[in-house]
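For clarity, every value in this text was computed on a predicted model and none was experimentally measured. Numbers here simply count residues along the sequence, with the first being 1. As a basis for the values below, the full set of heavy atoms in this structure was taken, side chains included, without hydrogen atoms, waters or symmetry mates.
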Amino acid sequence: MGVIVTVIDDSDRVGIAASVTRIGELYMTSVANMVANVLGFLATYTPPPPSPADVLAYSLSHGRLSAPPMPAAGTTKMSKLNVLDHGNTSGLQIGTDWVSTGSFARFQSEFARLTPKFESGAYVHLAHCEAGMNIRLMEMFADTFGVPVVAGRGLTNPVYRANTGNYVRVYPARAGSRPASDTFFWGPSSQ
């Protein structure tokens with residue numbers, strides 16, 4: 001099972017408020033810094049030991065008392081990447097970098113370094129105000145990461161982890177076509 005990674009730009013009061021309501025988050029000052037921090041975290045991440053319930057379930061399924069095998073440090077992939085900063089209908093901030101449909105190509109190779117770090121079924125949550133209004137930019141992220149991207153269409157409250165608009169999920173294109181995006185009221189699962 002993958003790990004949830006949250007990255008926050010804490011250079012202003014909104015970022016500070018987001019960071020004090022979370023545990024274990026990473027920080028970013030730019031696209032390159034965000035990618036480096038996520039890769040550095042994943043390179044050293046070791047999952048917590050299995051719970052007694054996990055040991056019991058594993059033992060029952062294997063007919064002997066034993067713990068499930070633990071993955072080696074640095075081999076765990078992400079099940080979800082949360083990115084929190086400011087945004088609007090034309091683009092979003094990642095630290096001091098402004099990412100829009102016009103500037104995306106400048107950052108694409110850096111973002112692509114994260115692509116192999118997502119497990120099957122993973123997704124990215126862009127927790128930026130109005131990021132879900134820019135479907136083309138979300139498609140660019142989804143195609144680069146190779147996983148669905150979710151963003152809210154309204155204003156984002158990083159403390160309450162809610163958006164005033166519906167959420168939209170955009171899928172990466174596969175074999176020349178893209179699955180239709182979908183919209184839902186409640187956002188991505190917690191964290």
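Among residues two or more places apart in sequence or in another chain, the side-chain contact (heavy atoms from CB on, under 4.5 Å) test is passed with Ser79 by Ile4, Glu119. Ser59 meets the side-chain contact (heavy atoms from CB on, under 4.5 Å) test with Val55, Leu65; sequence neighbours excluded.
Closest heavy-atom contact between Val168 and Gly132: CG1-O, 3.4 Å. The two residues Pro50 and Asp54 come nearest to each other via the heavy atoms CB-CB, 3.9 Å. Nearest heavy atom pair, residue Gln108 against residue Thr144, reads NE2-OG1, 3.1 Å. Taking every heavy atom of both residues into account, Lys117 and Arg113 meet most closely at CG-O, 4.3 Å. What you find for Asp97 and Ser30 is that their closest heavy atoms are OD2-CB, 3.3 Å. Residues Ala122 and Val147 share a closest heavy-atom pair of O-CB, 3.4 Å.
Hydrophobic clustering of Ile, Leu, Val, Met, Phe, Trp and Tyr side chains at less than 4.5 Å, counting indirect connections, unites Phe107 with Phe118. Cluster membership for Val7 and Val159, using ILVMFWY side-chain heavy atoms within less than 4.5 angstrom, is not shared. Tyr45 and Leu81 fall within the same hydrophobic cluster, where Ile, Leu, Val, Met, Phe, Trp and Tyr residues are linked whenever their side-chain heavy atoms come under 4.5 Å apart, directly or through other members. Linking Ile, Leu, Val, Met, Phe, Trp and Tyr whenever their side-chain heavy atoms come within less than 4.5 Å leaves Leu42 and Tyr123 in two separate clusters. Residues Val14 and Val20 do not share a hydrophobic cluster, clusters being chains of Ile/Leu/Val/Met/Phe/Trp/Tyr side chains in contact below 4.5 Å.
Of the listed residues (Leu92, Asp9, Asp12), just one forms a side chain to side chain contact (heavy atoms under 4.5 Å, CB included) with His86, and that residue is Asp12. Considering Val83, Ile8, Leu84 in turn, Val83 is the only one that fulfils the side chain to side chain contact (heavy atoms under 4.5 Å, CB included) rule with Met28.
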**Prompt:** For Ile135 and Arg153, what are the C-alpha separation, side-chain angles and deciding distance, and is it a side chain to side chain contact (heavy atoms under 4.5 Å, CB included)?
**Reply:** CA-CA 10 Å; Ile135 299 299; Arg153 298 177 70 86; 4.0 Å; yes

**Request:** Could you give me the CA-CA distance, side-chain angles and deciding distance for Thr101 and Asn134, then say whether side chain to side chain contact (heavy atoms under 4.5 Å, CB included) is met?
**Result:** CA-CA 9 Å; Thr101 56; Asn134 193 329; 3.9 Å; yes

**Request:** Test Trp98 against Ser100 for side chain to side chain contact (heavy atoms under 4.5 Å, CB included), laying out the working first.
**Result:** CA-CA 6 Å; Trp98 181 252; Ser100 65; 3.9 Å; yes

**Message:** Test salt bridge (charged side-chain N to carboxylate O under 4.0 Å, His left out) on Arg178 and Asp143; report intermediate values, then the result.
**Reply:** CA-CA 10 Å; Arg178 180 182 312 280; Asp143 291 345; 2.8 Å; yes

**Request:** Take Val3 and Thr76 through the side chain to side chain contact (heavy atoms under 4.5 Å, CB included) test and state the conclusion after the steps.
**Result:** CA-CA 7 Å; Val3 62; Thr76 301; 4.1 Å; yes

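At distances below 3.5 Å, not a single donor-acceptor pair connects side-chain atoms of Asn157 with backbone N or O atoms of Ala162.
Side chain to side chain, Thr156 and Asn163 meet the donor-acceptor criterion of an N or O pair below 3.5 Å. Checking Asn33 against Tyr27 by side-chain atom types alone, no donor-acceptor pair falls below 3.5 Å.
The SG atom of Cys129 lies 10.5 Å from the CD atom of Gln93; values are rounded to the nearest 0.5 Å. With rounding to the nearest 0.5 angstrom, the CG atom of Leu39 is 11.0 Å from the OG1 atom of Thr44. Rounding to the nearest 0.5 angstrom, the gap separating the CE atom in Met138 from the CE atom in Met133 is 11.5 Å. Rounding to the nearest 0.5 angstrom, the gap separating the CD atom in Glu139 from the OG atom in Ser181 is 7.5 Å. Between Leu137 atom CG and His128 atom NE2 the span is 9.5 Å, to the nearest 0.5 Å.
Ring geometry, Phe184 versus Tyr167: the interplanar angle falls under 30°, so the pair is classed parallel (tilted spans 30 to 60°).
Put simply, the side chain of Leu26 does not reach to within 4.5 Å of the side chain of Thr6, judged on heavy atoms. Residues Phe41 and Val5 have side chains in contact (heavy-atom distance under 4.5 Å, counting atoms from C-beta outward).
For Glu25 and Arg22, the salt-bridge test fails: no basic side-chain N is under 4.0 Å from an acidic carboxylate O.
Taking the six-membered ring wherever Trp is involved, the centroid distance between the rings of Phe141 and Phe104 falls below 6.0 Å.
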